[in-house]
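Read the structure below first, then the notes.
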Amino acid sequence: QVQFEESGGGLVQPGGSLRLSCVVSRSIFDRNYIGWYREVPGKQHELVAGSTPSGLTQYASDVEGRFTISRDNAKSTVILQMNSLKPEDSSIYYCNDGAHTWGRGTQVTVSS
């Protein structure tokens, strides 16, 4: 059973936007903190943004003000709206609760 299914990545120019979606197994979505992570050289997965079931959110300092995490409860989906993208945001993005196998992720490339 797939617990996390990411989508929405792509190629975008600097300053552009992307909207990532992660469909989460219902039992995990309703109970757990869900984070969006990205691969960073030398560090397996770096937390980008996270959200609790009650709606509390947290962001890495370098994305605060540019990225917004939200939940669609009806669709059991965690969304990451990414604006003002920079080349250094390029990576594979994953969602997870930190306790399950990582999914395939979705590739984000920011380049002119």
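The first residue in the sequence is number 1, and the count goes up from there.
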inquiry  = Apply side-chain contact (heavy atoms from CB on, under 4.5 Å) to residues W36 and L47 and explain how you reach the verdict.
reply    = CA-CA 6 Å; W36 277 99; L47 178 68; over 6 Å; no
request  = Specify whether F67 and Y93 have parallel, tilted or perpendicular ring planes, treating 30° as the upper limit for parallel and 60° as the lower limit for perpendicular.
outcome  =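 Taking Y93 first and then F67, their aromatic rings sit tilted (interplane angle of 30° to 60°).
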Do [X] side-chain atoms and [Y] backbone N/O form a donor-acceptor pair below 3.5 Å?
X: T77; Y: K75; value: yes
X: S17; Y: N83; value: no
X: S76; Y: V24; value: yes
X: S84; Y: G15; value: no
X: D97; Y: A99; value: yes

State, with a plain yes or no, whether a side-chain heavy atom of [X] is found less than 4.5 Å away from one of [Y].
X: H100; Y: I28; result: yes
X: I92; Y: T106; result: no
X: L11; Y: Q107; result: no
X: V108; Y: L18; result: yes
X: I34; Y: F4; result: yes
X: Y37; Y: E46; result: no
X: M82; Y: L20; result: yes
X: N73; Y: F29; result: yes

Atom pair [atom1] ([X]) and [atom2] ([Y]), whose distance is rounded to the nearest 0.5 Å:
X: N96; Y: H45; atom1: CG; atom2: NE2; value: 8.0 Å
X: W102; Y: Q3; atom1: CH2; atom2: CD; value: 12.5 Å
X: D72; Y: C22; atom1: CG; atom2: SG; value: 12.5 Å
X: S70; Y: L80; atom1: OG; atom2: CG; value: 8.5 Å

query = Considering all heavy atoms of both residues, which atom of P87 and which atom of P14 are nearest to each other, and what is their separation?
reply = CG-CG, 4.2 Å
ask   = What pairs of residues pass the side chain to side chain donor-acceptor pair (under 3.5 Å) test when at least one of them lies in residues 47-62, not counting sequence neighbours?
value = Y33-Q58, R38-D62, S51-R71, T52-S54
key: Full working for side-chain contact (heavy atoms from CB on, under 4.5 Å) between D89 and R66   = CA-CA 11 Å; D89 294 319; R66 299 190 297 124; 2.8 Å; yes
Within 6.0 Å of CD in Q81, more than 12 heavy atoms from elsewhere =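 Buried by this count: over 12 neighbours within 6.0 Å.
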query = After noting the C-alpha distance and the side-chain angles of I69 and V78, does the key distance pass the side-chain contact (heavy atoms from CB on, under 4.5 Å) rule?
reply = CA-CA 7 Å; I69 189 169; V78 181; 3.8 Å; yes
message = Taking V12 as the starting point, is it possible to reach V63 by hopping between hydrophobic residues whose side chains are less than 4.5 Å apart?
response =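 Cluster IDs for V63 and V12 match.
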